Amino acid sequence: MIDALLLLGTNFAGLIGVILILWGISVVIRDVSFIDAFWAFGMVLLAWGAAWQAGFDAPHAKLLLGLTTLWGLRLAIHLTVRWARHGEDPRYRKILAHTVEKRKWGWAKAALLTVFLTQAPLLFITCLPAQLGIWASAGDPAAGVGAIGWIGAAAALIGIAFESIGDAQLDAFRKNPANKGRVLDTGLWRYTRHPNYFGDALAWWGIWLVTLDLGWGLALASLIGPVFLTFTLTRWSGKALLEKGLHKTRPDYAAYVARTSGFIPWPPKTKA
């Protein structure tokens, strides 16, 4: 059985190599926005890298590989299509312009240090449950998936479906010119302001539960993955940053916030 540190080190080295290639592409096209799509696809690469080193035969490995691939490819394709349709993300344009001005760096250096080399370790940490679970499953390839593992798989699938439906509803809403400047508050968006973020978090908590099925020590070692992702989506670069802009551009967004759950789906509040 391959050593866990060797597996993780090999995966991280490969990730950095891919990140540097993507950075080179960004310098040519002067756009880093596609890094969002790679955030998802990069985890697919890490899961397959772990399986390539540890083996594909164990039931837990197959389950973790399948769930991570389904989640990652779905989200990567969605974000790539969105990038192709809408072009450069203004958030990244603003971040890079601010960094170039403040630190007196060139665009290429700013892109490398503030976008690509910061995304790589965060992506790697988030994917630890899949990587470590696939590694550990090689130690007992005949062990079947237990109740906790199947509960985790169900949670992950529900999360993937939830964010997929939420993204589809948002895309349909935005394609209608009559909805310009309006807030989507129907479908899943009636119960949570961020069904895509909630589904994302639920998918990775589900993947973590599959790893928990292999033992508490392994689960504790990889717990930082779903915890960090949930923190990112709710407190850092996800919900908090997005809503700050929406409050400025959507006049009725404050009323939507007042009646709709910020993350976990819940029936909307009604006026007394």
Side-chain angles (χ1 to χ4, degrees), residues 1-23 35-76 112 116-146 148-153 155-157 159-160 200-201 203-232:
M1 181 175 174
I2 187 173
D3 181 77
L5 291 179
L6 176 59
L7 181 147
L8 293 176
T10 302
N11 264 6
F12 189 73
L15 176 63
I16 292 298
V18 175
I19 281 287
L20 291 176
I21 292 172
L22 295 177
W23 167 70
I35 191 65
D36 286 344
F38 183 73
W39 169 270
F41 186 66
M43 295 195 211
V44 176
L45 293 181
L46 290 173
W48 279 87
W52 177 73
Q53 296 177 75
F56 296 85
D57 297 332
H60 285 87
K62 292 176 181 177
L63 188 56
L64 288 166
L65 193 59
L67 292 171
T68 305
T69 301
L70 179 62
W71 170 84
L73 288 184
R74 200 289 308 179
L75 184 55
L112 178 64
F116 288 93
L117 290 185
T118 56
Q119 290 274 12
L122 302 182
L123 185 164
F124 184 84
I125 288 170
T126 302
C127 193
L128 277 176
Q131 296 182 83
L132 288 176
I134 291 170
W135 166 78
S137 67
D140 189 4
V145 179
I148 293 176
W150 289 120
I151 291 171
L157 290 173
I160 293 168
D200 211 10
W204 276 94
W205 278 107
I207 289 171
W208 178 79
L209 283 175
V210 177
T211 297
L212 171 62
D213 196 50
L214 289 161
W216 274 103
L218 192 70
L220 290 175
S222 61
L223 181 60
I224 188 175
V227 168
F228 171 74
L229 179 63
T230 305
F231 170 77
T232 299

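Bear in mind that the values here come from a model prediction, so they are computed numbers and not experimental data.
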State, yes or no, whether a side-chain contact exists between [X] and [Y] at a heavy-atom distance under 4.5 Å.
X	Y	value
L117	W23	no
W150	L63	yes
W48	N11	no
W216	L223	no
I125	L229	no
W135	L214	no
I19	I35	yes

Show the numbers, then the answer: is there a side chain to side chain contact (heavy atoms under 4.5 Å, CB included) between T68 and L46? CA-CA 9 Å; T68 305; L46 290 173; over 6 Å; no
[atom1] of [X] to [atom2] of [Y]: how many Å apart, nearest 0.5 Å?
X	Y	atom1	atom2	result
T69	L64	OG1	CG	10.0 Å
T211	I148	OG1	CD1	11.5 Å
D3	Q53	CG	CD	10.5 Å
L112	L22	CG	CG	11.5 Å
I160	L70	CD1	CG	4.0 Å
F116	F38	CZ	CZ	9.5 Å

So, for [X] and [Y], which heavy atoms are closest and what is the spacing to 0.1 Å?
X	Y	answer
W39	Q119	CE3-OE1, 3.2 Å
G206	A155	CA-CB, 4.0 Å
M43	T126	CE-CG2, 3.6 Å
P226	P129	CD-CG, 3.8 Å
A138	A54	CB-O, 3.4 Å
G55	A61	O-CB, 4.0 Å

Within the distance-only criterion (no hydrogens, no angle test), does the side chain of [X] pair as donor or acceptor with the backbone N or O of [Y] below 3.5 angstrom?
X	Y	answer
T230	A201	no
D213	G146	yes
S137	I134	yes
Q131	L7	no

Passes side chain to side chain contact (heavy atoms under 4.5 Å, CB included), L67 versus W204? Steps please. CA-CA 9 Å; L67 292 171; W204 276 94; over 6 Å; no
Would you find more than 12 non-hydrogen atoms of other residues, nucleotides or ligands less than 6.0 Å from I16 atom CD1?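 Count over threshold, so yes.
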Using side chain to side chain contact (heavy atoms under 4.5 Å, CB included), reason through H60 and D140 one step at a time and then give a plain yes or no. CA-CA 10 Å; H60 285 87; D140 189 4; over 6 Å; no
Plane angle bin for W205 and W208 - parallel if under 30°, tilted between 30 and 60°, otherwise perpendicular: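 Geometry flag for W205 against W208: perpendicular rings.
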For the residue pair W71 / D200, report whether a side-chain donor-acceptor contact shorter than 3.5 Å exists.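 Per modelled atom types, D200 and W71 side chains form a pair under 3.5 Å.
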Stepwise, does the side chain to side chain contact (heavy atoms under 4.5 Å, CB included) test hold for L128 with L8? CA-CA 9 Å; L128 277 176; L8 293 176; 4.0 Å; yes
